Student: 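One structure is given below, represented as structure tokens, and several questions about it will come after.
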2 protein chains.
Amino acid sequence: MSDCSTCVVRNRAICASLEPDELQVLSKLGRKRKIKRGETLLWEGDPAPVVANIIDGVLKLSMNLHDGREQIVSVMYASDFVGRPFGKESPYRVSAMTDAEVCVFTRSSFDSFAKEHPDLQNKLLHRSLDELDRAREWMTLLGKKSATERIATLLIELSDRLSVDGCSPTSRYLDRFELPMDRQQIADILGLTIETVSRQFTRIRKQGIIDLPDRRTVIINERSLLKAVAGVA
Amino acid sequence: MSDCSTCVVRNRAICASLEPDELQVLSKLGRKRKIKRGETLLWEGDPAPVVANIIDGVLKLSMNLHDGREQIVSVMYASDFVGRPFGKESPYRVSAMTDAEVCVFTRSSFDSFAKEHPDLQNKLLHRSLDELDRAREWMTLLGKKSATERIATLLIELSDRLSVDGCSPTSRYLDRFELPMDRQQIADILGLTIETVSRQFTRIRKQGIIDLPDRRTVIINERSLLKAVAGVA
DNA sequence: AAGCGTCTTTGATCAAGATCAAAGCATATT
DNA sequence: AATATGCTTTGATCTTGATCAAAGACGCTT
């Protein structure tokens with residue numbers, strides 16, 4: 001990879017914990033790679049995997065039951081870190097929901113670099129703890145929330161996560177954004193079927209809470225109502 | 001705390017990463033505490049919390065929606081680490097499912113100790129990554145599995161986790177064990193109601209796959225069948 | 001602009017699990 | 001031993017979301 005110092009996620013990715021000279025070393029290990037929408041970066045059970053920083057685009061982590069049922073267990077955005085360092089193999093599949101660009105390291109080279117850099121490990125620890133909190137929040141959604149609550153919660157979450165642009169958070173929440181996934185993927189995130197997702201969208205649209213000018217665009221008209229529907233106190 | 005070197009979880013808890021002299025320092029910071037079943041060690045949103053190693057017993061982490069619905073997001077056993085280091089506050093409630101004993105640290109003292117000990121942080125990172133994998137596995141259960149599959153999966157998991165006794169794993173799986181939780185808690189782990197849990201127990205009992213000599217005891221008669229029901233390939 | 005393929009919405013029906021209600025059981029109490 | 005108390009199981013019914021099926025809408029290609 002040519003130059004980390006000009007990387008758009010330089011200050012948000014785990015690399016932010018590194019000094020310029022350390023970054024130089026890391027940059028020798030990584031290489032940029034473009035991924036097309038739908039393409040898989042990492043297969044579950046893959047024995048020779050990689051880890052990566054997301055530079056641009058949206059990726060999903062998914063687990064698949066043997067009979068084909070798929071659950072999306074995480075949606076990852078620019079500056080997020082994907083892959084399973086220190087592990088035998090990745091327990092989940094990592095694929096692109098949109099065209100994306102990532103900064104890839106072989107796991108062995110990343111692992112040994114990390115071993116020498118406690119700051120990097122510290123950053124990774126913080127991220128893992130945050131991821132864990134998010135995963136558990138989502139468990140609550142999957143275990144206890146109704147279909148309408150799930151949809152509303154996802155929209156609130158997306159309007160939050162998609163709003164961070166570049167290094168500084170712009171408007172805290174977006175009232176208009178493009179869905180980075182199709183209806184089937186929304187269903188696989190929320191533990192619902194595509195028909196139920198569609199019906200719930202129609203429902204809150206008819207209530208005037210949101211608009212859906214086309215398949216991918218969401219406009220939030222009544223954020224407070226949407227939050228109420230999401231079950232946020 | 002008097003003596004870490006005789007602690008029953010000494011070699012399995014995160015403390016295992018420490019040298020004897022470091023352990024001496026840590027032992028000054030922690031203190032042992034007994035918790036009764038049902039008692040809460042840590043409330044969500046608690047501003048002055050603690051972290052702890054579990055010495056004995058079973059604890060649960062739970063998240064509560066404002067209207068009272070509760071989802072149990074993790075079940076933790078001896079040698080597991082609970083609490084949210086480096087965080088502002090704990091996002092979940094930690095309480096005892098059985099009488100338990102824990103080794104407690106104030107978060108501030110633990111955090112500053114951890115800052116000086118990369119090995120400890122490394123151990124914590126490994127644990128967090130493992131926890132994350134388990135949380136995501138459970139998301140798949142909550143999002144995609146049927147009631148029967150959920151019950152079977154839980155029984156397999158319990159027969160595995162409860163079998164580790166002392167420092168060495170004894171028989172890899174237990175075919176007879178005591179449930180550390182009641183039916184309502186099982187429901188809150190699996191995203192079901194207590195009635196559905198009861199009916200599914202009855203169902204696989206009538207099929208001869210398990211026996212339930214009393215409320216708390218489970219005997220697995222046909223492990224391979226149980227695994228098949230759990231949806232394990 | 002017409003035609004094709006894919007994704008999404010809508011409709012009709014079904015089923016798994018939730019809810020409401022009551023009866024069993026086991027342990028603790030007097 | 002008799003009785004209260006708190007789980008747990010079982011039964012009857014209802015609801016939410018799944019499934020099956022078809023029609024629309026949108027983007028792409030020619």
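Quick caveat: nothing in here was measured; it's all calculated off a predicted structure. All chains are named by letter (A, B, ...) in the order of the sequence lines, taking the proteins before the strands, and each is independently numbered beginning at 1.
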Student: Could you pull out all residues at least two apart from B:R161 that satisfy side-chain contact (heavy atoms from CB on, under 4.5 Å)?
Tutor: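 Listed in chain order: B:Y77, B:D80, B:R134, B:E157.
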Student: Using the test salt bridge (charged side-chain N to carboxylate O under 4.0 Å, His left out), find all partners of A:R37 that sit at least two apart in sequence or belong to another chain.
Tutor: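 None.
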Student: Going by salt bridge (charged side-chain N to carboxylate O under 4.0 Å, His left out), name the residues that satisfy it together with A:D182, two or more places apart in sequence or in a different chain.
Tutor: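 Residues passing salt bridge (charged side-chain N to carboxylate O under 4.0 Å, His left out) with A:D182: none at all.
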Student: Below 3.5 Å, can you tabulate the donor-acceptor pairs from side chains in residues 49-65 of chain A to any protein atom, sequence neighbours excluded?
Tutor:
| from | atom 1 | to | atom 2 | distance (Å) |
| --- | --- | --- | --- | --- |
| A:K60 | NZ | A:E70 | OE2 | 2.9 |
| A:N64 | ND2 | A:E70 | OE1 | 3.4 |

Student: What one-letter contact string describes nucleotides 8-19 of chain C from 5' to 3', where B marks a base within less than 4.0 Å of any protein heavy atom, S marks contact via sugar-phosphate atoms alone, and - marks no contact?
Tutor: SBBBB----SSB
Student: Over how many whole Å does the gap from A:D214 atom CG to D:dG27 atom P extend?
Tutor: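 Those two atoms, CG and P, are 7 Å apart.
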Student: Using whole Å, what does the distance between atom P of nucleotide D:dC7 and atom CE of B:M97 come to?
Tutor: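 To the nearest whole Å, that distance equals 14 Å.
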Student: Test of understanding: with ring pair (Phe, Tyr, Trp, His ring centres under 6.0 Å), list the residues that count as partners of B:F110, not counting sequence neighbours.
Tutor: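 With neighbours one apart ignored, the set is B:F81, B:F105.
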